[in-house]
Amino acid sequence: MCGIFGYVGSRNDAGNVVVEGLKNLEYRGYDSWGVACSVGDGFLVKKDIGKISAVNGLQFFDHSCLAVAHTRWATHGGVTKANAHPHLSEDGSIAVVHNGIIENFVQIRDDLKAKGHTFLSETDSEVIPHLIEEEYKKSGDFAASVRQACLQFEGRYAILALHTGSKTIVAARTGSPLIVGVMRKDKGAAEDGYFIASDIPAFMNYTKVVQYLDDGEMVVTDGKSILFSDIQTGSEKPKREIEITWSIEQSEKGDFEHYMLKEIMDQKESVARAVNQDEEQIQTLAHAIRDAKGTFLVGCGTAAKACMAAEYFFSVIAKHHVNFAPASEFKLYHHFLQKESLLIVVSQSGETADVLDAMRVAKLKGSKVLAIVNVEGSTIAREADYTLLINAGPERAVASTKALTGQLAVLLLIAHALAGRLQEGRTLLLETGAQINDMLNPRYVHRLKLLAEKIKNEEDLYIIGKSWNYPMALESAIKIQEVSYVHAEGFAGGELKHGPIALIEKGSPCIALYGHDEVTTDLITNAIELKARGAFMIGVGPTQHEVFDEWIKVPDVAAAQPLVNIIPIQVLAYFLAVKRGKNPDMPRNLAKSVTVK
Ligand code: F6R
């Protein structure tokens with residue numbers, strides 16, 4: 001949510017570096033953008049509404065060695081040039097880009113107004129440079145004044161700050177991610193420099209050596225050296241340098257028109273990567289679940305649907321009860337947590353604010369946290385007691401696809417381990433991965449494209465499922481809603497007759513997700529009930545039935561059925577978006593990595 005990126009070093013095209021790098025963070029927000037370059041004794045500031053990808057970086061060739069940039073996902077204040085970052089202090093000597101929300105900004109702004117400050121935007125962020133300026137008047141030390149300002153902020157922030165009087169970037173974080181990219185000649189790099197960004201793809205073209213800022217930390221760098229310190233105490237913090245393992249190619253879309261389609265196709269291999277876990281670690285975690293006094297599964301959006309499916313996996317396969325809650329609701333569950341409880345958090349980005357809050361609730365009770373994440377080194381991965389990586393590779397499209405199947409695979413593997421059948425689970429999942437590879441062939445994809453063409457003008461779409469296909473019905477609705485803006489809703493098949501069936505009219509498109517198991521007959525009965533009210537029935541399952549007007553065949557993979565059933569829906573959602581003229585990679589109002597509450 002909002003991408004920020006700064007560079008200071010021996011290059012003299014800092015403006016280009018940050019503009020081009022920021023294009024790799026556009027998935028974090030894309031309503032407006034801005035750049036500040038240090039030039040001579042001042043800044044060159046450019047900002048505008050629209051997408052950073054439309055900006056030609058070369059126009060920023062400015063002989064600058066230091067620059068910060070921002071791509072915005074609006075929280076406070078509409079999409080206007082004035083609200084775009086960077087924001088400047090009253091005297092224009094300080095520029096700041098910010099990701100997060102300063103919750104006490106009204107109070108700070110009122111205090112500053114009383115001191116004569118004027119504000120040009122409707123954002124919470126604009127108070128940051130103004131407050132730093134006030135602190136600077138007292139100390140004359142820029143880094144110290146950023147620290148003093150941070151001590152007064154409530155809420156979440158990752159900030160990069162520049163001052164005309166100093167050739168450094170000062171950055172600080174609490175609640176929103178910041179990662180340093182290190183380029184040093186003494187480490188074999190061609191040049192010296194430091195990058196500071198919300199996410200690694202911003203600087204992947206330059207370096208794979210990173211240092212993570214933890215919450216409550218700040219850094220000061222002049223491009224030759226860097227100093228990490230604790231915001232509260234001001235004391236220096238040592239930091240390890242870590243080499244990341246994935247490559248820039250993995251995060252590029254290659255010949256695909258959109259990241260979403262590329263990432264759907266990545267599932268040909270990504271499920272097998274998710275299954276490739278250390279067996280001893282999986283067994284240890286299965287034991288931790290068995291011994292815990294209450295296991296809770298939390299996540300948001302798509303990841304939450306993986307958690308819901310896992311409730312069924314644990315129940316059917318391991319006969320073990322676990323509790324699911326959306327992360328944003330988990331706070332209210334704290335009465336049930338004990339020191340011996342276990343919280344399993346599932347998150348692609350590893351940065352979702354609601355998930356981090358749920359973890360903190362559990363930690364306050366002394367409970368242990370297992371994180372299932374995609375992004376190595378993310379805050380959730382680093383703050384958890386145990387971490388399992390799903391190894392899906394970078395997911396750039398806002399709509400989560402390959403991360404979901406990776407999450408489902410890992411959760412299904414753990415359920416098998418808990419039942420003492422880890423090898424059986426591994427074999428099932430590897431076979432499922434191979435089946436997904438076969439499914440995603442051009443003919444299959446074309447068939448779904450034709451189906452999208454057929455229903456593209458419908459404004460309502462309903463999806464039903466039972467058991468572990470029920471959360472997939474909910475996930476199908478999310479996928480279709482977010483990229484195509486079709487009103488889609490998912491239901492448990494048996495719930496229809498308790499209300500939603502009133503929505504069905506002649507021709508209403510309805511999708512039934514099913515497998516070959518104990519609930520198939522009931523689900524087909526629900527499909528027949530819909531058909532009797534005039535629904536246009538689309539079946540997604542391993543066997544044909546006369547109730548379906550269209551049938552999309554999927555392999556019969558027993559408990560792994562959710563992994564294969566969701567694939568045709570992802571493809572359908574993609575083509576619905578494209579055929580309705582929407583960009584599936586940049587859905588309106590959304591951003592990847594939701595780092596605000
Ligand atoms: C939907 C989608 C979101 C995310 C949710 C959680 O396609 O991507 O619903 O699943 O915001 O994000 P992570 O998994 O990063 O915690």
Side-chain angles (χ1 to χ4, degrees), residues 1-3 25 27-29 73 175-177 198-199 258-261 263-264 267 270 274 297-310 324-330 343-359 369 371-381 383-384 387-390 392-408 410-411 471-472 474-486 488 490 566-567 569-574 576-577 582-597:
M1 204 140 263
C2 293
L25 298 191
Y27 60 86
R28 300 181 68 88
W73 184 85
S176 302
S198 314
D199 203 352
H258 296 103
Y259 283 106
M260 184 177 174
L261 187 58
E263 288 162 7
I264 291 171
Q267 292 172 111
S270 59
L297 278 160
V298 308
C300 299
T302 294
K305 305 306 172 286
C307 296
M308 279 180 81
F324 158 73
S328 55
E329 292 292 309
F330 185 68
L343 180 68
I344 303 180
V345 298
V346 180
S347 171
Q348 189 285 128
S349 61
E351 300 293 349
T352 302
D354 288 325
V355 178
L356 278 161
D357 274 4
M359 284 172 72
V369 179
I372 299 177
V373 296
N374 190 30
V375 180
E376 193 179 354
S378 55
T379 309
I380 290 173
E383 290 195 1
T387 299
L388 288 179
L389 296 175
I390 62 167
E395 195 181 66
R396 298 274 293 270
V398 168
S400 190
T401 52
K402 61 178 177 174
L404 171 74
T405 44
Q407 292 157 354
L408 289 168
V410 170
L411 288 161
M472 290 307 100
L474 301 178
E475 167 59 10
S476 303
I478 296 188
K479 217 74 316 153
I480 293 166
Q481 290 159 1
E482 69 180 328
V483 297
S484 72
Y485 316 152
V486 170
I566 201 62
I567 302 269
I569 306 295
Q570 293 171 345
V571 179
L572 181 67
Y574 171 76
L576 275 175
K582 314 296 175 204
N583 178 349
D585 284 346
M586 292 188 190
R588 68 183 176 207
N589 306 336
L590 291 171
K592 202 154 185 76
S593 193
V594 185
T595 54
V596 293
K597 282 199 270 182

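Just the heavy atoms: all of them, side chains too, but no hydrogens, waters or symmetry mates, feed the values below. In each ligand, atom 1 is the first atom listed, and ligand 1 is the first ligand listed.
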>> Whether the side chain of N374 engages the backbone of P394 through a donor-acceptor N/O pair (distance < 3.5 Å, no angle test) should be reported.
In response: no
Looking at [X], which atoms of ligand 1 are within less than 4.0 Å of one of its heavy atoms?
X: Q348; value: 13 (P), 14 (O), 15 (O), 16 (O)
X: G301; value: 9 (O)
X: A303; value: 10 (O), 14 (O)
X: S349; value: 13 (P), 15 (O), 16 (O)
X: A399; value: 7 (O)
X: E482; value: 1 (C), 7 (O)

>> Let me confirm one number: the CE-CZ distance from M308 to F324, rounded to the nearest 0.5 Å.
In response: 5.5 Å
> What's the spacing between L474 CG and I478 CD1 if we round to 0.5 Å?
Replying inline: 7.5 Å
>> Do L576 and V483 have side chains that approach each other closer than 4.5 Å (heavy atoms only, starting at C-beta)?
In response: no
> So, do V298 and C307 sit near enough that their side-chain heavy atoms are less than 4.5 Å apart?
Replying inline: no
>> Below a 4.0 angstrom heavy-atom separation, can you tell me which part of T302, side chain or backbone, both or neither, approaches ligand 1?
In response: both
>> Taking 4.0 Å as the limit for heavy-atom contacts, which would you say applies to K479 with ligand 1: side chain only, backbone only, both, or neither?
In response: side chain
Residue, atom name and distance, where the atom is the protein heavy atom closest to [atom]:
atom: atom 5 (C) of ligand 1; value: C300 O, 3.4 Å
atom: atom 11 (O) of ligand 1; value: V594 CG2, 3.9 Å
atom: atom 12 (O) of ligand 1; value: T352 OG1, 3.5 Å

> Run the side chain to side chain contact (heavy atoms under 4.5 Å, CB included) check on S347 and Q407 step by step: do they pass?
Replying inline: CA-CA 8 Å; S347 171; Q407 292 157 354; 5.9 Å; no
> Is V398 in polar range of ligand 1, meaning some N or O pair under 3.5 Å apart?
Replying inline: yes
>> Quick one, E351 with T379, criterion side-chain hydrogen bond (donor to acceptor under 3.5 Å, both in side chains). Give me CA distance, side-chain angles, the key distance, then yes/no.
In response: CA-CA 6 Å; E351 300 293 349; T379 309; 2.6 Å; yes
>> Checking T405 against Q267 for the side-chain hydrogen bond (donor to acceptor under 3.5 Å, both in side chains) test, could you report, in this order, the C-alpha distance in whole Å, the side-chain angles of both residues, the deciding distance, and whether it holds?
In response: CA-CA 8 Å; T405 44; Q267 292 172 111; 2.7 Å; yes
